[in-house]
Amino acid sequence: MPDYLPHTEEDIDEMLGFLGLASLDELFDAVPSALRIAGGLGLPTGIPEPDVLARARSRAEGNGARADRLVCFAGAGAYDHEVPPVVKALAGRSEFVTAYTPYQPEVAQGGLQAVFEFQTMVSRLFGLPIANASLYDGASAVVEAVNLGVGATGRSGVLVSAGVHPHWRAVLATFAAGTGHRLVEVPLEDGQTRWDAVADEADIGAVVVAYPNYLGCLEDLAAVRSLCDGREALMAVVADPVASAVLRSPGDWGADVAVGEGQAFGTALSFGGPYLGLFACSQAHVRRLPGRLVGETLDADGRLAYVTTLRAREQDIRREKATSNVCTNQTLMAVTAAVQLGWLGTSGLAEVATRCARATRYCKEAMSGLAGVEPLTGTTPTFREFALRLPVPARTAVERLAEDGFLAGIALDQLVGEDGDGSADAEAARRGLLVAVTERRTAHEIDRFVAALDKAVR
Amino acid sequence: MPDYLPHTEEDIDEMLGFLGLASLDELFDAVPSALRIAGGLGLPTGIPEPDVLARARSRAEGNGARADRLVCFAGAGAYDHEVPPVVKALAGRSEFVTAYTPYQPEVAQGGLQAVFEFQTMVSRLFGLPIANASLYDGASAVVEAVNLGVGATGRSGVLVSAGVHPHWRAVLATFAAGTGHRLVEVPLEDGQTRWDAVADEADIGAVVVAYPNYLGCLEDLAAVRSLCDGREALMAVVADPVASAVLRSPGDWGADVAVGEGQAFGTALSFGGPYLGLFACSQAHVRRLPGRLVGETLDADGRLAYVTTLRAREQDIRREKATSNVCTNQTLMAVTAAVQLGWLGTSGLAEVATRCARATRYCKEAMSGLAGVEPLTGTTPTFREFALRLPVPARTAVERLAEDGFLAGIALDQLVGEDGDGSADAEAARRGLLVAVTERRTAHEIDRFVAALDKAVR
Amino acid sequence: MTDRSAPGGRAASAPLVGRDSEPTIFELSRPGRASWQLPTTGIPETPLEDLVPDNHRRDAAVDMAEVSERDLVGHFTRLSHRQYSVDLGAYPLGSCTMKYNPKVCDAVAALPGLDSVHPGAPAALTQGWLATLVELEEALCELSGMAAATLQPAAGAAGELTGLLLMRAFDAARGEQRRRVIIPDSAHGTNPASVTLGGYEVTTVKSDERGCVDIDSLRDALDDDVAGMMLTNPNTLGLFEEDIVEIAASVHGVGGLMYYDGANLNAILGVVRPGDMGFDIVHLNLHKTFATPHGGGGPGAGPVAVAPHLTEFLPGPRPVRLDDPDGPSFGWQTPARSIGRVHGWHGNALVLARALAYIEVHGGDGLLRVAERAVLNANWIRTRLHGTFDVPFDRPCMHEVVFSAAALHRRTGASAHDVAKGLIEEGFHPPTVAFPLIVDDALMVEPTETESYETLVALADALERVAARAEGGQLSGSPRTTPVRRVDEARAARTLIPTFDARR
Amino acid sequence: MTDRSAPGGRAASAPLVGRDSEPTIFELSRPGRASWQLPTTGIPETPLEDLVPDNHRRDAAVDMAEVSERDLVGHFTRLSHRQYSVDLGAYPLGSCTMKYNPKVCDAVAALPGLDSVHPGAPAALTQGWLATLVELEEALCELSGMAAATLQPAAGAAGELTGLLLMRAFDAARGEQRRRVIIPDSAHGTNPASVTLGGYEVTTVKSDERGCVDIDSLRDALDDDVAGMMLTNPNTLGLFEEDIVEIAASVHGVGGLMYYDGANLNAILGVVRPGDMGFDIVHLNLHKTFATPHGGGGPGAGPVAVAPHLTEFLPGPRPVRLDDPDGPSFGWQTPARSIGRVHGWHGNALVLARALAYIEVHGGDGLLRVAERAVLNANWIRTRLHGTFDVPFDRPCMHEVVFSAAALHRRTGASAHDVAKGLIEEGFHPPTVAFPLIVDDALMVEPTETESYETLVALADALERVAARAEGGQLSGSPRTTPVRRVDEARAARTLIPTFDARR
Ligand SMILES: Cc1ncc(COP(=O)(O)O)c(C=O)c1O
Ligand SMILES: Cc1ncc(COP(=O)(O)O)c(C=O)c1O
């Protein structure tokens, strides 16, 4: 059966002859024979495409949680938003999909311009003049924001609100082991960060706050700005970009850096990746910007052209002194986001955000009426996600609701840590359910969901 | 909610102003007001895309016979062949999909060259030097073949083998009402045409035979050629293009015209359309060729170029004297076929045909062993399809087997006519089941199918 | 410039990096290379010799191109870069209605539950498809003002022929055998061709100085040998036949039927219905009005809707609603005096599904907006270019406008054809040229409703620049910027090379 | 030539009909136009004022482009025509492994049962995904000769950093705090950058005259402050480090770990495994070796596989097989001394699914063929162009070969950069230039296994023509045939315009 290799027997013979070799094996003469794999790899032999597809389909059948089967109320940074066929068709064009990083701008104007437009859109959304061409995901964008903050101030202390997504804080902590940043977690109360709890912390280079935070709550960013002013620390806002469509922008609140997860703009749930790390900052920090940046310029004929720029920051030139080690990023998702935002436009973007807020309010109100169910974050305003305290473990509720056709949300203890630590907090987390409601959810779905939850928690 | 119309209110005002009109309504002043629709169309108002998709999905759910749910043993001119993702990706490129007929060759070289390649492939497959750019489907190709034959000979009698697909014969008959052709059906015996039954027919312009015929049987084309020679009639072969990959080509048998249904080359079952009418003929008849033809030429710089040619045959120039009224054809399916045949190549095309023959043989042998089940066409060799006589009505068998997960085939009486005519033949047809087995069917599927049939006919 | 048609994986043949030709797939081919992969089946590998009798078996495999999947992809992707399309830019081909087609319709047509259904499966297992067809038929009847429709015809021309056979059947049923069908001289070429195939003779009536059917000529042509008249309205000049009621009455007066060529329906969606104008038979070009992409030449679909007195003749079997509360909701039915099948199965089903999606997403309100914007756009172009080209029939048009470059031609030697080639250099696909035949050097512009005001302005600016270049005698070398320059059509017909094998 | 960036639906900005610029989407925008459509939900239309407190609400909507769906499609389709890609032609970028990616992998990634799964759904509802991840991990371990792997890292560089943190954790667990990591001077830039982020200092060792690690320099650099060494093998010159066993032994000898940068794994698939060479930590660039299309810059995936002594430090939670015969087959587990998460969820899952499909379709046998053909192609190019460009380290290479245009540069003034631009005019994407840094005027060619012999010949011919043009001093104006000509990179950095709003 053919594979993807075009070499005919004659090709191989002719090429080997040209090289003066007798066999393909001799190509590997440099490899010490003692190291060579004897008897072939311990992998099955290749199977034809249709069989591969059939296997993938059967695995896919094993995913009960498909959004086309369970109505999705899960969020926590990954949202079931509308992606129209037109966006898939455009972002899926093979020129965008099968290109490399635009090292040769003359034949990469298409991708470069799309990223330039993406940068402009992110810059406008976050209210900051500089936005890069993407990072891996929201988590990695937070890491880079902290690195920038510490690098810019020379102070390694970082205040991190506990409202930042638990996974992202975990990633921050992992990488801080290398960079040596001193992360100080700032606790929440009723869904808002208690900055006063860390009033004594000194030597702070950056303050990180999420807006809205992972419990869906709006934080007081004016307070964060003055905290930063007082300490000459950089203010880094982890912004939900859909919320940013109706909330005051990070830039407007005075943020130096704004980061976020861009999955909501045209990328499927995809079991968590590839997603899209958004990164924007003020002009002052452009030379510390991680990742790639596209700029406008002219060609030899004076014609407008685009090119990756300020390359001197990057590791291929700067090596161990680079501002970041990011090389391959998530350009295709950035192009996708540009297409999706182009499709939404000014009114559609606002409309999606407004509809999310409406649907969330509708759902939250209905749920608060259920016996034994109460909001976890008191009366703090939430945007498109909220946390409930259930009378039963949230995991149990999720399990039961799956049988009724709903992915009910994310059990907080699953998000916070795999096992919990047996404390009272852990017990609270076990009963916490995080529910997200996007513009795709209908009143009918929500009504049924509320009824099913009512039944499930009895 | 936005629709697809780009006009803003200001655009409309400005444009109306430029035209000196006060309202959009005035654009229709030429339409007598008595005729104007009062109170709008009796259609629902528009619904947004996601709702449209949801409705289409729910209709799709209503199709139990989807080939992704029922294992498909149905054929009769529409086959469940392998179409790889790469063919869908290429044939689905929007440049091919959203272009018009190539009236301006300078900006249509892509589509023109693809059709030129398609013509070459069909010409090679059918063993005839001329092939057109496609007709609507197999049925319409037969009609055009007959029109060409009658036109070329000036004789309106046409011998049509009863082995030609019953629907296609029906279409022939429908259109013969206009053209006045005298169609003479030639009966089958054991799946082969009894030409002797029409030995006395005179004034014959064309003889039409299918190879293999709709019951899957191979016909004696040498006999047809001598029949045509004796009457100076044109020999028109309705060829299954997959079978042509391993059978002697129509051209090789001496056919003047070869037509066929090209769905098997990359087009989905699609509930019967759009499919692809294949048409090839000898050099002698090129000026009677129906439909479009792409030819090679040069541009002003002497560069190779493609263009639709011999346009003088076509109705936009020839009007009532045109060789055919076909204007819009099935170019996209022709391009698809070129891609699919490019993917198959010499070896793959032969392989598909061989595998069909093998799978059919495997299935036929297993079925002939079933109690009460016997082949309908005796020992006549069949290729990738065969007919069985069942002890129960075939429709009943199809119904029962659907419950076991199979689309068991096509009940012959359904194919021959909606209601049958109550005769003994009709009774035979009622118990006839036409089974097709493509290269996609596995031994396991066939074994299960045979077992299920065994159960179903008891 | 040389004609390098070298094999190898260069993108040179894509316009992106130059204007070299793309070799044919046969030139990229190399024996022994392949890209197919087929499923594992476990079926015994019986040799072909045991499966096909010797006298039927071909000696050698059919020689196809042999390429790797990589080269297949390169080849067709590069070809696609040599092809203009609606998705790349405006395509103002008159009579063709090259509007933008919403991608949601593609998504509907690609649903596995629609595209993988065998057409011969029993009705009980295809209820979703039957519902699709019936709902579409009902919508088309509402839009055309007719009683019932067949969805079988695969294109407009197939619809025309179907309609003419319906006329025949109607005639025959009343014991007549009329011989003539009237068409205006402005009619599309498929009309007369279909008339012939329908077994009728064409009687052509002239257009008057307003571009409409000349009523007197029509009256002269009418007698009881006339089976009917074929007409588009708006006609192929983009003009509404204001006397349509009178025309229909005259034809009906001699016992003829009125046939509506629906290729121009886009102009009157929701405004006026063919049935209300007096038509008895209507074909609709779904690939024009209802946004099926044209596929570079097809597929389309040409359903035919008819007035009550003709429904019993419609092709069958037809998808119908059933009444049985216990059985399935939809089934097949063949009308009592059906003319028979006109398609191998049920018509171009996926095109029909797209059309239904298009109608649903627009709704009755949206379809009216379609017509309004289409007509607005055409009139804006007409008025704007009024001084640049002649407008032979100079009054408000419907969805398209026919200019004439005849005066320009006489003055500068640049024909409509040259103008078209000049416009290509400006980045636009040209309008239709040389149709309708009754206008010398016709340039037929149909902007469609999906083009924006800015695009219209840019198009008009471009046409003005081209006209100015014509005055300067600079058009003959156009286009210069395309993958190939002006193509020698005469040579193609003279030295016919219809396949790679015919190349010398 | 003017820089007309006019709005309007022209395809002029597509190379098909010319070289005009495509306006930005913001220039195509017009207030009030839109293309979004959202589902009908029946949810009460509470005003935003009641949903978001005043002090949090923004005053005005974010100003985005406002275009119709038609213009959106035109814009991005035209942009796509201004973008080179593997699907259009050969892309011999050294170190990047731009092979053709089978479309079947795209089809797998697009399955609704994979791409619509929420990453936070419980394990019981995501068994198919867990199976995918576990099977991929097992295959990668077999290919690399390692014991276990994390699939979380989103790209090669993320994998590197993960690997360095594993080193730290390993060090810490044995109560040490080593400070240095050794890398060769030929290493990819991400290596040193990752070392810094991992909290280590970089010690660079020189390459010897054969292009390999200089063993003596290495020995000099080694002491018990060395946490480990990062190496690719074949190295970035495309050469196999023949002394790898000795190198590994030396590093292990001082208690250091060996890190394998798997970006070049394509060369040795099925031939030799990093584990067998003595490596302890291996990252794999799935987007290079395992055929995920590179997306114009990403996404990729950089799983990290480790030897048994490091598995307990791997990031978590990890997908694992479970033993419980009654429960689900797969679950999540966090290793005892895990360094923690390195990704927001589970890694670039759809990329991982593609890689598994790629491995399955090739199988163990096919992957060996991949390596053989890749190496064959590179050596053919090396030998063929041997006389045209210098080959600084002139001996059999693996999957890529580094030429130097230094001599040509001195002689003619044409740099590697100029050669690259000249090659574009020939229809090919250029090789990597200016990397690796230790070669002057480097031209690094990696043909990959999916390019045919004919393509190699065409590429070599083209490079020879370019070299000849360089001798004739004709390269400085290249490329002439592209949508834009040579781009002023310095100006972009000098006058930074990173957004449309920064345009003056
Ligand atoms: C006015 C008119 N009538 C009829 C037709 C024929 O339709 P089709 O091409 O679908 O056969 C066309 C198509 O161009 C047309 O424009
Ligand atoms: C040798 C080598 N190492 C590491 C990398 C970094 O991988 P990534 O771009 O996936 O981060 C690359 C990518 O170009 C490479 O070529």
Side-chain angles (χ1 to χ4, degrees), chain A residues 6 11 24 27 30 41 43 45-46 49 56 59-60 62-65 67 74 90 93-95 98-99 101 105-107 109-111 120 136-137 139 170 174 178 268 271-274 295-297 299-300 305 309 315-316 319-320 322 325 328-332 345-346 348 350 357 410 442-443, chain D residues 36 41-42 51 61 66 76 79-80 82-87 104 108 111 113 115-121 125 127-128 154-155 157 189 192-194 198-199 202 240 293 295-300 340-341 344-345 348-349 363-364 366 372 375 452-453 482 484-487 491-492 497 499-500:
Chain A
D11 290 343
L24 287 168
L27 289 166
L41 281 166
L43 289 177
T45 51
E49 279 193 4
R59 287 193 206 98
N63 290 322
L90 293 173
R93 285 190 60 84
S94 66
E95 295 86 345
T98 73
T101 301
E106 295 83 1
V107 289
Q109 288 297 300
T120 304
Y136 306 138
D137 64 358
T174 303
F271 204 53
E296 193 179 285
T297 184
D299 80 349
T309 190
Q315 17 65 31
D316 52 339
R319 300 182 74 82
E320 60 264 35
N325 73 335
T328 290
N329 58 14
Q330 312 271 127
T331 298
L332 188 60
T346 306
I410 309 282
T442 65
Chain D
W36 60 272
T41 62
L51 298 164
E66 297 180 76
F76 284 104
L79 284 188
S80 76
R82 301 165 76 81
Q83 177 64 51
Y84 197 96
S85 64
V86 169
D87 281 10
V104 70
V108 166
L111 289 175
D115 93 343
S116 74
V117 178
H118 194 286
L125 297 173
Q127 289 290 299
S194 298
V202 172
F240 194 84
R341 286 190 165 274
W345 293 103
N348 280 346
E372 286 172 350
V375 173
S452 69
Y453 186 26
T482 40
V484 298
R485 293 185 60 190
R486 210 174 290 199
V487 163
R491 180 190 170 101
I497 308 179
T499 65
F500 179 71

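Keep in mind it's a predicted model, so treat the numbers as computed, not measured. Protein chains get the first letters and strands the later ones, always in sequence-line order, with residue 1 at the start of each.
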**Q** With rounding to the nearest 0.5 angstrom, report the CG to CD distance, A:Leu24 to D:Glu372.
**A** 4.5 Å
**Q** Would you say the side chain of D:Pro299 lies within less than 4.5 Å of the side chain of A:Leu332, judging by non-hydrogen atoms?
**A**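 Side chain of A:Leu332 against side chain of D:Pro299, heavy atoms only: contact under 4.5 Å found.
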**Q** Counting C-beta onward and ignoring hydrogens, is there a side-chain heavy-atom pair between D:Leu79 and A:Gln109 closer than 4.5 Å?
**A**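 Of all side-chain heavy-atom pairs linking A:Gln109 with D:Leu79, none is under 4.5 Å.
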**Q** With a 4.5 angstrom heavy-atom cut-off, could you sort out which part of A:Leu27 is near chain D: side chain, backbone, both or neither?
**A**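 Contact with chain D is through both the backbone and side chain of A:Leu27.
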**Q** Side chain, backbone, both or neither: which part of D:Val484 has an atom under 4.5 Å from a heavy atom of chain A?
**A**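 It is both, since atoms from each part get that close.
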**Q** Using every non-hydrogen atom in the two residues, find where D:Ser194 and A:Asn325 come nearest and quote the distance to one decimal.
**A** OG-ND2, 2.9 Å
**Q** Which bit of A:Thr309 comes within less than 4.5 Å of chain D, counting heavy atoms only: side chain, backbone, both or neither?
**A**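 The side chain, not the backbone.
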**Q** Under 3.5 Å, side chain of D:Thr41 to main-chain N/O of A:Ala443, donor-acceptor pair present?
**A** no
**Q** Return the set of residues passing side chain to side chain contact (heavy atoms under 4.5 Å, CB included) with D:Thr482 (not counting sequence neighbours), or none when no residue passes.
**A** A:Glu106, A:Val107, C:Val17, D:Ile424, D:Pro479
**Q** I'd like to know if the side chain of D:Ser85 reaches the main chain of A:Ala99, judged simply by a donor and an acceptor atom lying under 3.5 Å from each other, with no hydrogens or angles considered.
**A** no
**Q** Can you name the nearest heavy-atom pair linking D:Ala61 to A:Thr346, along with the distance?
**A** CB-CG2, 3.7 Å
**Q** On a heavy-atom basis, which atom in D:Gly297 and which in A:Thr331 lie closest, and how many Å separate them?
**A**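 Of all heavy-atom pairs spanning D:Gly297 and A:Thr331, the closest is CA-OG1, 3.3 Å.
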**Q** Is a side-chain N or O of A:Thr120 found less than 3.5 angstrom from the main chain of D:Phe500, in a donor-acceptor match?
**A**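 Indeed, once roles are kept as given, a pair shorter than 3.5 Å links the two residues.
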**Q** Which atoms form the tightest heavy-atom contact between D:Arg485 and A:Asp299, and what is the distance?
**A** N-OD2, 2.7 Å
**Q** So, the side chain of A:Asp137 versus the backbone of D:Gly344: is there a donor-acceptor pair under 3.5 Å, distance only?
**A**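 Confirmed, A:Asp137 side chain pairs with D:Gly344 backbone.
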**Q** Which atom pair, heavy atoms only, marks the closest approach of A:Asn63 to D:Gly128?
**A**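 Smallest heavy-atom distance, with atoms named: OD1-N, 2.9 Å.
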**Q** Does any backbone or side-chain atom of D:Leu51 lie under 4.5 Å from a heavy atom of chain A? Answer side chain, backbone, both or neither.
**A**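 Its backbone and side chain both get close to chain A.
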**Q** Side chain, backbone, both or neither: which part of A:Ala170 has a non-hydrogen atom closer than 4.5 Å to chain D?
**A** both
**Q** Could I get the full list of side chain to side chain contact (heavy atoms under 4.5 Å, CB included) partners for D:Ser80, not counting sequence neighbours?
**A**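 Side chain to side chain contact (heavy atoms under 4.5 Å, CB included) list for D:Ser80, sorted by chain: A:Arg93, A:Glu95, A:Phe96, D:Thr77.
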**Q** Provide the closest heavy-atom pair for D:Val487 versus A:Ala305 in the form atom of the first, atom of the second, distance.
**A**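 Smallest interatomic distance, heavy atoms only, reads CG2-CB, 3.9 Å.
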**Q** With rounding to the nearest 0.5 angstrom, report the CD to OG1 distance, D:Gln83 to A:Thr98.
**A**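 Going from the CD atom of D:Gln83 to the OG1 atom of A:Thr98 covers 8.5 Å.
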